[in-house]
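Because the structure is a prediction, the values reported are computed rather than measured.
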Amino acid sequence: MLNTLLKQVKEYKKSSLLSPIFVGIEVIFEMLIPFLMSKIIDLGVEKNDMKMIIFYGSLMLIASFIALFAGVKSGDHAAYASCGFAKNIRKAMFKNIQDFSFENIDKYSTAGLVTRMTTDVTNIQNAYQMIIRVCVRAPLMLICAMFMAFWINARLAMIFLIVIFFLAIVLFSIVFITMRIFEVAFTKYDALNASVQENVTGIRTVKAFVKEDYETDKFKKASKDIYSIFSKAEGYLVFNSPVMQLAMYTCIILLSWIGAKMIVNSQLTTGELMSLFTYTTNILMSLMMISMIFVMTTMSIASMRRISEVLNEKPTITNSSDPVMEVKDGSIKFDHVYFKYKQSEEDYNLNDINIEIPSGTTVGIIGATGSAKSTLVSLISRLYDVSDGKVLVGNVDVRDYDLKVLRDNVSVVLQNNVLFSGTIADNLRWGDENASLEDIQRVCKLACADEFISKFDKGYDTYIEQGGTNVSGGQRQRLCIARALLKKPKILILDDSTSAVDTRTDALIRKAFREEIPDTTKIIIAQRISSVEDADMIIVLDDGKINGVGTNEQLIKNNEIYRDIVMMQKKGGNLGE
């Protein structure tokens, strides 16, 4: 876990080393100040020697400025290193997530990944800054202050050992209790983020069903869970301050009582007693800082584990050692394909799929909800890998292709049509970043999108809100189809991607496909018979198995499932003629 995270320090190693070095310089000169102050009192004030006052006062001033300079530099380097460390972690996480297969993504919730990249990274950033600065300062201050105290008077310094022993037991008991509480706390952030994400994403549905109060109650519950956990932890942590004050005042009282007697007996000077008071504060504050380090580290350990999980997650789909860099044509072959989402499951989602699709063919896929239509086509572009058997594109196993090459040649318009914030042209250029306006207009005409884009005041420069919320479902689908066409794919997969357009527009899109991209293999998953009835080949899926293959006429005659679907949609019209 630590090795995984420390790899992200990278270019910030220098600042990570300089910060504790400057901390060391700061502490050493800070610890000299009480000693110099005692000399001013003993050799200057009490003996009325102005030269000594000026001499030790000058040394004290120089030490103060050096400590101040070192403290500023330490803080500067610590902030720079911790911010850079957090930046590298976020970058590494985001980069690794981009390489995830759908199988990897299915392991994590969206809210969980957001929490990891925000709250968890911030916790680690704060902990790292504390480690390279406070984690050096506190122990070093404790050691130096104890050394100076024993150097001044070993008998009085024994008071510190007794108080430190008592304080350590109490503070570390508090830390031990809060450790377990914080381990639970950060998992609750996922539920809170999920509530916010669902509400914001589905705000139109929330308002349509008048569920604002329900969503508010759900958010309050998630927020209250976090509040309760942290309140419980803080309830223990508040004891730090009174315990520290008790220890500090106990030390001061004992030092005053015993030290006064020693001054009377000429066993201790006034200046030495004054410096011991200062070292008392330093020792106790260093213990307080050490306890807070443990608290912060405890909080961050859970975050470290969660981030390490993402960084160490290996993509289940990767390139072969010598990938094929060219897709010759759009032919597809499923050779005894079996597939299940989790290897631990007993049943397969796809069972013994055998079918050949020549290049340039228009294929319709139809079947009941849950019959694995989307699962079938997701294997073509390697969104998932087969559990057994082979999927071949251009007579080459898809696992032998370079992933980018394969996916550039297989355009998929998924059920959930996603547009990103930016202009229409920006969104379409996801298909080809170098596409000209003429290229964009051409594919939009094929997808019947040009007709509504031209009505916008800014045309292709019209701004699309995040998720495409300012265009209709049908317009969003047509834009996504146009974006896929801009890749000039050898295989085009439309996964129920015309469900929100009217039948006339659907027919026009299919007509444009036949006439303008005849060499592209077109796979259309649909619920409407009208969307697939003119296809060269129609595949009927039932419970992950191929129930029938043929043309519209053949399936009406020979396939009961297909015939039932037609009857329901056409309400018992004349089917045989």
Side-chain angles (χ1 to χ4, degrees), residues 23-68 70-71 136-173 239-292:
V23 164
I25 296 171
E26 178 190 12
V27 170
I28 290 170
F29 281 93
E30 273 188 7
M31 292 301 101
L32 285 175
I33 291 173
F35 175 75
L36 294 173
M37 183 178 65
S38 70
K39 294 298 181 183
I40 291 174
I41 294 171
D42 293 338
L43 301 179
V45 176
E46 289 192 354
K47 293 184 179 181
N48 199 23
D49 190 338
M50 196 63 188
K51 289 182 179 180
M52 285 295 175
I53 293 174
I54 294 172
F55 175 72
Y56 283 108
S58 300
L59 292 178
M60 190 172 169
L61 191 63
I62 292 169
S64 299
F65 275 114
I66 293 174
L68 176 63
V136 175
R137 178 182 175 83
L140 190 58
M141 180 185 290
L142 178 63
I143 293 168
C144 289
M146 286 295 294
F147 174 78
M148 294 300 293
F150 272 93
W151 187 20
I152 291 171
N153 192 290
R155 181 183 169 189
L156 283 177
M158 292 299 295
I159 295 172
F160 295 140
L161 291 180
I162 297 169
V163 173
I164 286 172
F165 181 74
F166 161 75
L167 195 59
I169 292 174
V170 176
L171 292 181
F172 285 104
S173 297
F239 284 103
N240 273 5
S241 182
V243 169
M244 282 293 301
Q245 289 182 0
L246 173 64
M248 185 180 298
Y249 291 137
T250 301
C251 280
I252 291 173
I253 290 170
L254 290 174
L255 283 174
S256 300
W257 180 38
I258 300 173
K261 289 184 178 181
M262 293 180 71
I263 290 174
V264 171
N265 295 326
S266 300
Q267 295 175 318
L268 187 73
T269 66
T270 305
E272 289 173 340
L273 181 61
M274 291 297 295
S275 62
L276 283 172
F277 284 142
T278 305
Y279 289 130
T280 300
T281 304
N282 291 333
I283 289 169
L284 297 180
M285 287 306 297
S286 65
L287 283 174
M288 174 67 100
M289 284 190 284
I290 289 172
S291 71
M292 293 310 298

[atom1]-[atom2] distance between [X] and [Y], expressed to the nearest 0.5 angstrom:
| X | Y | atom1 | atom2 | value |
| --- | --- | --- | --- | --- |
| E26 | I28 | CD | CD1 | 11.0 Å |
| I40 | S58 | CD1 | OG | 8.5 Å |
| T278 | F35 | OG1 | CZ | 13.5 Å |
| L142 | F147 | CG | CZ | 14.0 Å |
| I159 | L254 | CD1 | CG | 5.0 Å |
| L36 | F29 | CG | CZ | 10.0 Å |

_I need the full list of salt bridge (charged side-chain N to carboxylate O under 4.0 Å, His left out) pairs touching residues 29-38, with sequence neighbours left out, sorted by first then second residue._
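Residue pairs with at least one partner in residues 29-38: E30-R137.
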
Considering non-hydrogen atoms only, spot the tightest contact between [X] and [Y] and give its length.
| X | Y | answer |
| --- | --- | --- |
| M31 | C144 | CG-CB, 3.4 Å |
| G259 | L273 | CA-CD1, 4.2 Å |
| G24 | L140 | CA-CD2, 3.4 Å |
| I33 | S64 | CD1-OG, 3.5 Å |

*What pairs meet the side-chain hydrogen bond (donor to acceptor under 3.5 Å, both in side chains) rule with one or both residues in residues 142-153, with sequence neighbours excluded?*
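Output for this query is empty, none listed.
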
_Pairs meeting criterion side-chain hydrogen bond (donor to acceptor under 3.5 Å, both in side chains) with involvement of residues 32-42, two or more places apart_ =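 Residue pairs passing side-chain hydrogen bond (donor to acceptor under 3.5 Å, both in side chains), neighbours aside: D42-T269.
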
*Pick from N265, V264, I258: which one makes a side chain to side chain contact (heavy atoms under 4.5 Å, CB included) with M262?*
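One option only clears the test, and that one is I258.
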
*Is there a side-chain contact (heavy atoms from CB on, under 4.5 Å) between M158 and F150 once you walk through the steps?*
CA-CA 8 Å; M158 292 299 295; F150 272 93; 3.9 Å; yes

*asked:* Counting neighbours of CE on M274 that are heavy atoms of other residues, nucleotides or ligands and sit closer than 6.0 Å, is the number greater than 12?
replied: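 Incorrect, the count does not exceed 12.
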
